[in-house]
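Note sheet for the following structure.
All ligand and atom numbering here is 1-based and tracks the order in the structure.
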Amino acid sequence: RKKVTKLTTGSSDFDTLLGGGLETQAITEFFGEFGSGKTQIMHQLAVNVQLPKDKGGLEGHAVYIDTENTFRPERIKQMAEALELDPVEVLKKIHVARAFNSNHQILLVDKAMELAKEYPVRLLIVDSLTAHFRAEYVGRGSLAERQQLLNKHMHDLLKFADLNNAVVAVTNQVSSNPGMMFGDPTQPIGGNIVGHTATYRIYLRKSRGNKRIARLIDSPALPDGEVVIKIVKEGIRD
Ligand code: ATP
Ligand code: MG
């Protein structure tokens, strides 16, 4: 079994909250409302994974499963340049796959597993984990099936993380709901609380301007806590 290592978020405060960064051999789920910064963080991670180890990277490639067509090469370019990396090289090492529906999304994890035999894939992103499932499995009667498929998907993702000593990062949109401290990731407002099998869960919320609050929730070994991060042209920063 390979040693668990950490991937930097780009913010040293955020890294500290996470005990040094995002862990390999684990799934980290980022949840929050629209515009809370989930996709921005995914872009940043796809760049950061390519950094040398002494700069918080894993010297690896990324697979980016994009379900909402929100991957932006231009944004990668900005973030890469801010780190003095060659944006063309950085983009070559991000393998973007559009998932057209939930079934396709599940299949793309198998594809990623194949790709990881050819390239040192150390990061697998699913942005968004839940959007297709939510759109396709609507109504009370389909909740059990949806949950079963999501569980299988998460299990496949964890297997990918384990076999490749990789970081898996997934996003999940939740509505902000006053009166409920945290949005529920799998349900519309008021639904049953059904947790995913993510190892780490981070709740993101908007603050003033470019500030976002990231809160670590119910981690197995780290204390709960929150930090303020910023989304700037250069990417995610303290
Ligand atoms: P959704 O649930 O809709 O997918 P999200 O959580 O993925 O939302 P993001 O797309 O990550 O949200 O965040 C969008 C925000 O990121 C914008 O509101 C903007 O403030 C910020 N942003 C995007 N691009 C830049 C940039 N080039 N420079 C600075 N900030 C940016
Ligand atoms: Mg997004």
Side-chain angles (χ1 to χ4, degrees), residues 7-11 13-14 17-18 22 27-49 62-85 87 90-91 94 96-102 105 108 123-136 150 157 167-177 180 182-189 191 196 198 200-217 226-238:
L7 170 63
T8 183
T9 60
S11 151
D13 290 343
F14 202 175
L17 179 75
L18 298 172
L22 268 71
I27 299 173
T28 303
E29 177 184 341
F30 293 82
F31 65 108
E33 66 172 320
F34 71 95
S36 59
K38 302 180 295 293
T39 296
Q40 292 299 308
I41 294 170
M42 296 308 109
H43 280 65
Q44 185 71 68
L45 293 173
V47 175
N48 290 358
V49 71
V63 169
Y64 200 119
I65 299 177
D66 181 13
T67 77
E68 300 184 296
N69 205 13
T70 51
F71 179 79
R72 293 289 173 275
E74 277 306 303
R75 191 66 179 118
I76 296 293
K77 200 166 165 251
Q78 282 180 330
M79 292 176 175
E81 278 166 355
L83 293 171
E84 291 175 343
L85 298 171
V90 168
L91 278 166
I94 304 174
V96 183
R98 288 274 327 271
F100 300 108
N101 54 47
S102 64
Q105 183 178 327
L108 284 175
L123 170 66
L124 175 56
I125 288 165
V126 187
D127 183 16
S128 140
L129 176 75
T130 45
H132 281 317
F133 289 92
R134 275 209 187 113
E136 293 166 28
L150 262 172
L157 291 170
V167 169
V168 173
V170 302
T171 71
N172 190 358
Q173 196 192 70
V174 293
S175 315
S176 65
N177 181 7
M180 230 178 120
F182 307 117
D184 174 8
T186 63
Q187 304 279 339
I189 295 165
H196 290 131
Y200 295 99
R201 306 190 66 217
I202 296 157
Y203 178 55
L204 294 165
R205 62 190 201 273
K206 293 178 203 166
S207 185
R208 289 176 73 106
N210 61 6
K211 290 189 182 136
R212 300 292 186 276
I213 299 159
R215 181 173 182 84
L216 180 67
I217 290 163
E226 58 183 40
V227 293
V228 178
I229 58 174
K230 279 185 198 140
I231 308 172
V232 292
K233 179 175 174 258
E234 291 74 18
I236 306 299
R237 294 292 184 273
D238 281 335

Which residue supplies the protein heavy atom nearest to [atom], what is that atom called, and how far is it?
atom                    : value
atom 10 (O) of ligand 1 : Thr39 CB, 3.8 Å
atom 16 (O) of ligand 1 : Gln40 CG, 3.4 Å
atom 14 (C) of ligand 1 : Gly35 CA, 4.1 Å
atom 30 (N) of ligand 1 : Ile231 CG2, 3.6 Å

* To do: Of all the heavy-atom pairs spanning Ser102 and Glu136, show the shortest one and how long it is.
  =>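 For Ser102 versus Glu136, the nearest heavy atoms are OG-OE1, 2.5 Å.
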* To do: Locate the shortest heavy-atom distance separating Gln44 from Ile236; write the atom from each residue and the value.
  => OE1-N, 2.8 Å
Atoms of ligand 1 less than 4.0 Å from [X] heavy atoms?
X      : value
Lys233 : 28 (N), 29 (C)
Gly37  : 5 (P), 6 (O), 9 (P), 11 (O), 12 (O), 13 (O)
Gln173 : 1 (P), 2 (O), 3 (O)

* To do: Give the ring-plane orientation class for Tyr64 versus His43, where under 30° counts as parallel, over 60° as perpendicular and anything between as tilted.
  =>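 Tyr64 vs His43 ring planes: perpendicular.
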* Asked: Right, does atom 26 (C) of ligand 1 have protein non-hydrogen atoms nearer than 4.0 Å?
  ->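 Under the 4.0 Å cut-off, atom 26 (C) of ligand 1 does have protein heavy-atom neighbours.
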* Asked: Is the distance from the Mg ion (ligand 2) to some N, O or S atom of Thr39 under 2.8 Å?
  ->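 It does: Thr39 brings an N, O or S atom closer than 2.8 Å to the Mg ion (ligand 2).
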* To do: Please lay out, stage by stage, how Glu234 and Gln78 fare under the test side-chain contact (heavy atoms from CB on, under 4.5 Å).
  => CA-CA 6 Å; Glu234 291 74 18; Gln78 282 180 330; over 6 Å; no
* Asked: Touching ligand 1 at all, Glu33? Heavy atoms, strictly under 4.0 Å?
  ->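 Yes.
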* Val232: heavy atom below 4.0 Å from ligand 1, yes or no? ->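 It does; at least one heavy atom falls under 4.0 Å.
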* Asked: Taking atom CD1 of Ile213 and atom CZ of Arg208, what is their separation to the nearest 0.5 Å?
  -> 11.5 Å
* **Value rounded to 0.5 Å, distance of CZ in Arg237 from CD1 in Ile229** =>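 One gets 11.5 Å once the value is rounded to the nearest 0.5 Å.
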* To do: Using only heavy-atom distances, determine whether the side chains of Asn48 and Thr8 contain a donor-acceptor pair under 3.5 Å.
  => no
* To do: May I ask you to check whether Gly32 has an N/O atom sitting below 3.5 Å from an N/O atom of ligand 1?
  => no
* The one among Arg212, Lys38, Lys206 that brings a heavy atom closest to atom 18 (O) of ligand 1 ->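 It is Arg212 whose heavy atom sits nearest to atom 18 (O) of ligand 1.
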* Hey, is Arg75 touching ligand 1 through its side chain, its backbone, both or neither, going by heavy atoms under 4.0 Å? ->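 It is the side chain that touches ligand 1; the backbone stays farther off.
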* CA sep, side-chain torsions, deciding dist, call: Glu226, Arg205, salt bridge (charged side-chain N to carboxylate O under 4.0 Å, His left out) -> CA-CA 11 Å; Glu226 58 183 40; Arg205 62 190 201 273; 3.3 Å; yes
* Dump the intermediate steps for side-chain contact (heavy atoms from CB on, under 4.5 Å) on Arg75 and Met79, then the final yes or no. => CA-CA 6 Å; Arg75 191 66 179 118; Met79 292 176 175; 3.8 Å; yes
